[in-house]
Amino acid sequence: MHRILYTLLALTTTLFPAVSMAQSQPSPAAANRHQARDGVIRLYGACGPQNALRNVADAWERSNDLKVRITCGPEPSWSRQAQVDADIIWGTSEQSMTAFLQSFPSFPSKNVEPIYLRPAIIAVKTGNPRHIQKFEDLLQPGIRIVVTEGSGIANTSGTGIWEDIAGRLGKLEDVKRFRSNIVAFSTGSGASFQAFKELDADAWITWPEWAVDNPKVLQAVPISGNRIIWRDLNIALSTSADPQAASFLRFLVSDEAQKLMRSAGYIR
């Protein structure tokens, strides 16, 4: 009898603190309802458009009291904090945003708005030492190419872009020749940029802003019209966002903002 009583007491001591701890730690979604409205407009998303967005935010701040904070990086680096205090998340493609929404219950799909488009480009070394002028040049033997892929483990707008471009004309041989020149399938754009430099690659299929932001390393070569692929920049507003976040989003597509975004390759 005493043995049974001691067992029950031990179980009670073990279980009650666990229950108390669970009740004292609200879910990220619940915390978001209380902390997003903190007088700061907070944006999170993948790196790439952050500098263009920062330029727009600086212009907006000049006539508004609220500050805009922009955080970018691979999703795991900011996801937990964004679940707590994000007002806005941006996606660098539709498939990226769709994946983000799985982690952010306070961002319903109906709140997603595509706001800009930009084309995929060929990024080459500044000075273009291999004289790459068009996509077909990447099909020649000996060209070293980096591509960006999610590889089933990461959320990146670069997933599948190279295949879309290489197969655009319906020629299997183009896909084979391009693939034989790939020296790195990098997980995310940041990793691709590092691989481009470290592997001394000749070309990287990416987005215009990477060449704009890194002119000492990269130079953009446009992809011709019959192969060009566009993906959008989209935003989603939290259901618990700061009231002025919606005002910032309206400014984000204003004439002034469009000029700033256009300098990084984004158009409407």
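Just so it is clear, the model here is predicted, and its values are computed rather than measured.
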Enquirer: Can you pull the ring-ring contact (aromatic ring centres under 6.0 Å, His included) pairs that have at least one residue in residues 225-250, sequence neighbours excluded?
Expert: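 Those involving residues 225-250 are W60-F248.
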Enquirer: So, T98 and E94: side-chain donor and acceptor under 3.5 Å apart, yes or no?
Expert: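 Looking only at side-chain atoms, E94 and T98 do not form any donor-acceptor pair under 3.5 Å.
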Enquirer: Without swapping roles, check the side chain of R268 against the backbone of I115 for a donor-acceptor pair under 3.5 Å.
Expert: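 Yes, the answer is positive, given that a donor and an acceptor are paired below the 3.5 Å cut-off.
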Enquirer: Distance from L53 atom CG to I70 atom CD1, nearest 0.5 Å?
Expert: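 One finds 5.0 Å between CG of L53 and CD1 of I70.
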Enquirer: Is there a side-chain contact between D202 and V124, using heavy atoms and a 4.5 Å cut-off?
Expert: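 They are not in side-chain contact.
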Enquirer: Tell me which one of R168, R179, R227 satisfies side-chain hydrogen bond (donor to acceptor under 3.5 Å, both in side chains) with D174.
Expert: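 That would be R227.
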Enquirer: Can a side-chain donor-acceptor contact be found between S157 and W207 if the only test is distance below 3.5 angstrom?
Expert: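 The criterion, which ignores hydrogens and geometry beyond distance, is satisfied for S157 and W207.
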Enquirer: Is the closest side-chain donor-acceptor distance between Q95 and S93 under 3.5 Å?
Expert: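 S93 and Q95 do have a side-chain donor-acceptor pair below 3.5 Å.
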Enquirer: Determine the minimum heavy-atom distance between L199 and A184, stating which atoms define it.
Expert: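 For L199 versus A184, the nearest heavy atoms are CD1-CB, 3.7 Å.
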Enquirer: Take N51 and V212 through the side-chain contact (heavy atoms from CB on, under 4.5 Å) test and state the conclusion after the steps.
Expert: CA-CA 10 Å; N51 289 335; V212 170; over 6 Å; no
Enquirer: Would you say CZ of R69 has more than 12 non-hydrogen atoms from neighbouring residues, nucleotides or ligands within 6.0 angstrom?
Expert: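 Counting other residues, nucleotides and ligands, CZ of R69 stays at 12 neighbours or fewer.
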Enquirer: Are Y266 and I88 co-members of a hydrophobic cluster defined by side-chain heavy atoms under 4.5 Å apart?
Expert: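 Same hydrophobic cluster.
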Enquirer: Rounded to the nearest 0.5 Å, what separates atom CD in E136 from atom CG in L169?
Expert: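 So the CD of E136 and the CG of L169 are separated by 7.0 Å.
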Enquirer: Can you see which heavy atom on W78 is nearest to which on C72, and at what distance?
Expert: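 Nearest heavy atoms, W78 then C72: CD1-C, 4.1 Å.
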Enquirer: Could you state the interatomic distance from CG (L260) to CG (D255), rounded to the nearest 0.5 Å?
Expert: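 One gets 11.0 Å once the value is rounded to the nearest 0.5 Å.
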Enquirer: Is I122 reachable from V175 through a run of hydrophobic residues whose side-chain heavy atoms are each under 4.5 Å from the next?
Expert: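 Shared cluster, yes.
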Enquirer: Does a side-chain heavy-atom distance below 4.5 Å link V146 with S186?
Expert: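 V146 vs S186: side chains touch.
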Enquirer: Output, in order, the C-alpha distance, side-chain angles, deciding distance and verdict of side-chain contact (heavy atoms from CB on, under 4.5 Å) for I121 and W210.
Expert: CA-CA 10 Å; I121 63 160; W210 285 91; over 6 Å; no
Enquirer: Just so I know, are the side chains of F196 and T206 near enough to count as touching, which here means a heavy-atom distance under 4.5 Å?
Expert: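 With C-beta onward as the side chain, the pair stays apart.
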Enquirer: Specify the closest pair of heavy atoms between V56 and A257, including all atoms of both residues, with the distance to one decimal.
Expert: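 Closest pair (atom of V56, atom of A257, distance): CG1-CB, 3.9 Å.
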Enquirer: Counting only N and O atoms by type, is there a donor-acceptor contact under 3.5 Å from the side chain of W90 to the main-chain atoms of A46?
Expert: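 Flag set: sc W90 to bb A46 pair under 3.5 Å.
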Enquirer: Salt-bridge test for R42 and D242: reply yes if a basic N is under 4.0 Å from a carboxylate O, no otherwise.
Expert: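 Not counted as a salt bridge, because no side-chain N and carboxylate O are separated by less than 4.0 Å.
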Enquirer: Does the T126 side chain pair with the main chain of P215, one donor and one acceptor, at a distance under 3.5 Å?
Expert: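 It does hold such a pair.
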Enquirer: Within the side chain of Q244, is there an N or O that forms a donor-acceptor pair under 3.5 Å with the backbone of I41?
Expert: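 Side chain of Q244 to backbone of I41: no pair is present.
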Enquirer: Hey, are the side chains of L43 and V68 touching, using non-hydrogen atoms and a 4.5 Å cut-off?
Expert: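 Result yes, sub-4.5 Å side-chain heavy-atom pair found.
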Enquirer: State whether the side chain of Q219 and the backbone N or O of G127 hold a donor-acceptor pair below 3.5 Å, judged by distance alone.
Expert: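 Pair found, side chain donor or acceptor close to backbone of G127.
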Enquirer: Is there a donor-acceptor pair closer than 3.5 Å between any side-chain N or O of S79 and the backbone N or O of P76?
Expert: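 No; zero donor-acceptor contacts below 3.5 Å.
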Enquirer: Do T156 and T187 have side chains that get closer than 4.5 Å, going by heavy atoms?
Expert: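 Counting from C-beta outward, T156 and T187 never come under 4.5 Å.
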Enquirer: List the steps, then state whether side-chain contact (heavy atoms from CB on, under 4.5 Å) holds for E256 with F251.
Expert: CA-CA 8 Å; E256 182 178 357; F251 181 78; 3.6 Å; yes
Enquirer: For the side chain of R118 and the backbone of I267, is there at least one donor-acceptor N/O pair under 3.5 Å apart?
Expert: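 Checking the backbone N and O of I267 against the side chain of R118, no donor-acceptor pair under 3.5 Å is found.
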Enquirer: Do V112 and F107 have side chains that get closer than 4.5 Å, going by heavy atoms?
Expert: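 Not touching, per the 4.5 Å side-chain cut-off.
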Enquirer: Charged N to carboxylate O under 4.0 angstrom, D58 versus R54?
Expert: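 Judged by the 4.0 Å cut-off on N to carboxylate O distance, D58 and R54 do form a salt bridge.
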Enquirer: Kindly say whether L237 contributes a backbone atom to a donor-acceptor pair with the side chain of N111 at under 3.5 angstrom?
Expert: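 Between the backbone of L237 and the side chain of N111 there is a qualifying donor-acceptor contact (under 3.5 Å).
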Enquirer: I'd like to know if the side chain of D137 and the backbone of K134 have a donor-acceptor N/O pair within less than 3.5 Å.
Expert: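 Indeed, once roles are kept as given, a pair shorter than 3.5 Å links the two residues.
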Enquirer: Between L233 and P49, what is the shortest heavy-atom contact and its length?
Expert: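 Minimum heavy-atom separation between L233 and P49: CD1-CG, 4.0 Å.
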Enquirer: Ignoring hydrogens and angles, state whether a donor on the side chain of Y44 or Q81 is under 3.5 Å from an acceptor on the partner side chain.
Expert: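 No, no side-chain donor-acceptor contact under 3.5 Å.
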Enquirer: Rounded to the nearest 0.5 Å, how far does CD1 of I145 lie from OG of S192?
Expert: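 The distance works out to 12.5 Å.
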Enquirer: Rounded at 0.5 Å granularity, tell me how far CD in Q258 sits from CG in L252.
Expert: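 Q258 atom CD to L252 atom CG measures 9.5 Å (nearest 0.5 Å).
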Enquirer: Please test S96 against R231 for side-chain contact (heavy atoms from CB on, under 4.5 Å), starting from the C-alpha separation and ending with a verdict.
Expert: CA-CA 10 Å; S96 293; R231 287 193 175 171; over 6 Å; no
Enquirer: Counting only heavy atoms not in D65 (residues, nucleotides, ligands), do more than 12 fall under 6.0 Å from its CG?
Expert: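 No - once you tally the heavy atoms of other residues, nucleotides and ligands closer than 6.0 Å, there are 12 at most.
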Enquirer: To check you understand the geometry: which heavy-atom pair defines the closest contact between A120 and I223, and what is its length?
Expert: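 Minimum heavy-atom separation between A120 and I223: O-CD1, 3.6 Å.
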Enquirer: Hey, could you give me each pair passing ring-ring contact (aromatic ring centres under 6.0 Å, His included) that has a residue in residues 142-189? Not counting sequence neighbours.
Expert: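 Residue pairs passing ring-ring contact (aromatic ring centres under 6.0 Å, His included), neighbours aside: F135-F178, W162-F178.
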Enquirer: Which atom names give the shortest non-hydrogen contact between P141 and N181, and what distance separates them?
Expert: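 Closest pair (atom of P141, atom of N181, distance): CA-OD1, 4.4 Å.
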Enquirer: If I take atom CD from residue E113 and atom CD1 from residue I235, how far apart are they, to the nearest 0.5 angstrom?
Expert: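 Going from CD on E113 over to CD1 on I235, the span is 5.0 Å.
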Enquirer: Do the side chains of I228 and I161 join up, straight or via other hydrophobic residues, at under 4.5 Å, putting them in one cluster?
Expert: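 Different clusters.
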